[in-house]
Amino acid sequence: MSNREDIINNIIEVLEDMDVPKPRLITREPFDVNKLSLQQFPALLVTTGNETREDNSMGGNRRGVLEVTVRGFVRSDGRQGFVQSVDQKRNELIERIEETLNTNRNRELDALRAATTHVTSIDIVDRVAPLGEFALIAEVHYSFTKGAV
């Protein structure tokens, strides 16, 4: 499998095992959030993005930086009192995703493809209540040998 696939598959695997608020739907395929049932929230769309590559040393060692975008969707019923607001649900999910990605920052790649992961930006997307959305960008820095996939 390619480095990109190994990285994204690991990220999805750790997000599937994260603590509450645990996403009910995690996919790499775009979906219409308005067609999701209440039981499918929170939902995540995880995709790979841009990648930069550079020579790390002579002899074919290279370094890559892969952007992974996690789009999160939450829903609140809008009631006052004990029920969380859209903003609270969105903030909790963002924090939990970041904590989950930080528990194993090397993406389980072998020593030859050593990696580190860090969140670089979080953008809040305007949505009409009761929906909330955000886009979290994580960068995965990894090493590989020239010619390897």
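Everything numeric in this text was worked out from a predicted model, so none of it was measured.
- Between Arg63 and Glu54, none of the side-chain N atoms (NZ, or NE/NH1/NH2) sits under 4.0 Å from a carboxylate O, so this pair counts as no salt bridge.
- Separating the OG1 atom in Thr100 from the CG atom in Asp19 is a distance of 6.5 Å, to the nearest 0.5 Å.
- Clustering ILVMFWY residues whenever any of their side-chain heavy atoms sit less than 4.5 angstrom apart, transitively, puts Ile97 in a cluster other than the one holding Ile137.
- A heavy-atom distance below 4.5 Å is found between the side chains of Ile124 and Arg90.
- Residues Leu131 and Val33 meet the side-chain proximity criterion, which asks for heavy atoms closer than 4.5 Å.
- Between Leu93 and Pro21, the shortest heavy-atom contact is CD1-O, 3.5 Å.
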Kindly indicate, with the supporting measurements, whether the criterion side chain to side chain contact (heavy atoms under 4.5 Å, CB included) is fulfilled by Leu136 and Thr69. CA-CA 6 Å; Leu136 179 147; Thr69 302; over 6 Å; no

Quick one, Leu38 with Arg75, criterion side chain to side chain contact (heavy atoms under 4.5 Å, CB included). Give me CA distance, side-chain angles, the key distance, then yes/no. CA-CA 8 Å; Leu38 292 176; Arg75 184 177 177 96; 2.8 Å; yes

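- In this structure the side chain of Val70 never reaches within 4.5 angstrom of the side chain of Leu45, judged on heavy atoms.
- When side chains are defined from C-beta on, Arg96 counts as touching Glu99, because their heavy atoms get closer than 4.5 Å.
- Thr27 is not listed as a side-chain neighbour of Val46, based on a closest heavy-atom distance of 4.5 Å or more.
- Linking Ile, Leu, Val, Met, Phe, Trp and Tyr residues whenever their side-chain heavy atoms come within less than 4.5 Å places Val119 and Val14 in a single cluster.
- A donor-acceptor pair is defined here as one N or O able to donate and one able to accept, closer than 3.5 Å; no such pair exists between the side chain of Asn10 and the backbone of Asp6.
- In this structure, Gln40 contributes its side chain and Ser37 its backbone to a donor-acceptor pair below 3.5 Å.
- Within the 3.5 Å criterion, the main-chain N or O of Val140 finds no donor-acceptor partner in the side chain of Thr117.
- Both Leu15 and Ile94 belong to a single network of hydrophobic side chains, linked directly or stepwise wherever heavy atoms of I, L, V, M, F, W or Y lie under 4.5 Å apart.
- Applying the side chain to side chain donor-acceptor pair (under 3.5 Å) rule to Glu139 yields the partners His141; only residues at least two apart in sequence or on another chain are considered.
- Salt bridge status for Glu92 with Lys89: absent, with no side-chain N to carboxylate O gap under 4.0 Å.
- His118 is not listed as a side-chain neighbour of Leu101, based on a closest heavy-atom distance of 4.5 Å or more.
- Between Thr47 and Val68 the shortest side-chain heavy-atom distance does not fall below 4.5 Å.
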Full working for side chain to side chain contact (heavy atoms under 4.5 Å, CB included) between Glu133 and Val74: CA-CA 6 Å; Glu133 181 180 352; Val74 297; over 6 Å; no

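- In the hydrophobic clustering of this structure, Val86 does not group with Leu36; members are Ile, Leu, Val, Met, Phe, Trp, Tyr whose side-chain heavy atoms approach within less than 4.5 Å, directly or through other members.
- Side-chain contact between Ile11 and Glu13: absent, with no pair of heavy atoms (C-beta onward) separated by less than 4.5 Å.
- Sorted by first and then second residue, the salt bridge (Lys or Arg N to Asp or Glu O under 4.0 Å) pairs involving residues 22-51 (not counting sequence neighbours) are Arg4-Glu51, Glu5-Arg28, Glu51-Arg53.
- Screening Phe31, Phe134, Phe41 for a ring-ring contact (aromatic ring centres under 6.0 Å, His included) involving Phe73 leaves a single residue, Phe31.
- Linking ILVMFWY residues whenever their side-chain heavy atoms come closer than 4.5 Å, directly or via other members, places Ile7 and Ile26 in the same cluster.
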